[in-house]
Q: 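Can you read through this structure? Questions will come right after.
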Amino acid sequence: MKPFLSVIALAMLALSGAAQAQQYPTRNVTMVVPFAAGGPTDTVARVVAQAMGKPMGQTVIVENKPSAGGILAPEQVKNARPDGYTILIHHIGMATIPTLYRQLRFNPLTDFEYIGLINEVPMTIVAKPAMPAKDFKEFLAYIKANKDKVTYANAGIGAASHLCGMLFMNAIQTDFLTVPYKGTGPAMNDLLGGQVDFMCDQTTSTTSQIKGGKIKVYGVTSAKRVPSLPDIPTLQEQGLKGADVGIWHGLYAPKGTPKPVLDKLVSSLQAALREPDVQQRFTDLGAVTFPPDKQTPAALQAHLKSEIDKWAPLIKKAGQYAD
Ligand code: ASP
């Protein structure tokens, strides 16, 4: 009798789980952001979360879980209930972290369900307002001459700003003292205040400061100039090879999230990215929205895998690790 009852209880539980998945979402959804509020990842998250609210029929709340390198948020989402109410936005760090960290408490390739790719954003080499250099050539001469004094801000090992800094320092064969933050939002505040000398950060955060003349800018990391910042030359144009990097963003859910829930998240992301307001906002910030065929679980999974394979040898060559 008892085993029979427990079979019925289990079957009822499964049925109610399935019914809940069909009705999803019945309350707010939380999108966890791995870096501080006010930074570039946060900016992308807020645009996407707000736009997903309409097709989801529920508010998508942004929750910042900042840490150097953005390594705590994925762990939090990995350990969340796989019911669609906690999702993760992350950038290229999901592909560089596995090589950079000897000890990591999540695996980007096995601990998540994939929702889709969002957009790609170039980075800019920017400096404090009082940086004396007028152009990239002078900037290089200045930081090399003052290499024991100048400081480079980043968002910790595994951050996009860390990756860009690593490529930049390798390309110019000069190392600088690095000051890590829990996101480049707070790093930007210190750059504006002149407490740190320079950094490499996404256009999603630097565009308004550059346009407002609040910081110095010496180049963009994309192969072509960014339409929203047409006067800023690329690093390549200025003779620097090997520091090109585009920061892509993707949306993830914990492993085991039911298929109907994932389907709703995928279609809501796609609807959000179709919104003309969202596309315009991204364009204004120098970001390029991935085409619809990339806004899918399969495309994110494939991109993540190919990016892990792409960056692993470069990181190993640079000999950079966190413990
Ligand atoms: N731009 C940061 C990074 O370097 C992240 C952030 O603060 O959004 O990854």
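In listed order, ligands and their atoms are each counted from 1.
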Q: Are the aromatic rings of His303 and Trp248 close, with centres under 6.0 Å apart?
A: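 Yes; Trp248 has its ring centre under 6.0 Å from that of His303.
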
Q: Below 4.0 angstrom, N of the basic side chain to O of the carboxylate: do Asp263 and Lys259 qualify?
A: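 Salt bridge present between Asp263 and Lys259.
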
Q: Could you pull out all residues at least two apart from Tyr85 that satisfy ring-ring contact (aromatic ring centres under 6.0 Å, His included)?
A: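 If we apply the ring-ring contact (aromatic ring centres under 6.0 Å, His included) test to Tyr85, skipping adjacent residues, the hits are Tyr24.
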
Q: Hey, is Lys65 close enough to Glu75 for a salt bridge, meaning N to O under 4.0 Å?
A: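 Salt bridge absent between Lys65 and Glu75.
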
Q: Tell me which pairs pass side chain to side chain donor-acceptor pair (under 3.5 Å) where either residue lies in residues 32-47, with sequence neighbours left out.
A: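 Non-adjacent pairs meeting side chain to side chain donor-acceptor pair (under 3.5 Å): Asp42-Arg46, Asp42-Asn64, Arg46-Asn64.
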
Q: Ligand 1: which protein N/O atoms lie under 3.5 Å from its N/O atoms?
A:
| residue | atom | partner | partner atom | Å |
| --- | --- | --- | --- | --- |
| ligand 1 | 1 (N) | Thr184 | OG1 | 2.7 |
| ligand 1 | 1 (N) | Asp201 | OD1 | 2.9 |
| ligand 1 | 1 (N) | Gln202 | OE1 | 2.8 |
| ligand 1 | 4 (O) | Ala160 | N | 3.3 |
| ligand 1 | 4 (O) | Ser161 | N | 2.8 |
| ligand 1 | 4 (O) | Ser161 | OG | 2.4 |
| ligand 1 | 7 (O) | Thr184 | N | 2.7 |
| ligand 1 | 7 (O) | Thr184 | OG1 | 3.2 |
| ligand 1 | 8 (O) | Thr41 | N | 2.9 |
| ligand 1 | 8 (O) | Thr41 | OG1 | 2.6 |
| ligand 1 | 9 (O) | His91 | NE2 | 2.6 |
| ligand 1 | 9 (O) | Ala160 | N | 2.8 |

Q: Considering only residues two or more places apart or on different chains, which pairs with a residue in residues 107-133 satisfy side chain to side chain donor-acceptor pair (under 3.5 Å)?
A: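 Listed by first then second residue: Asn107-Thr110, Asn119-His249, Thr124-Thr206, Lys128-Asp197.
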
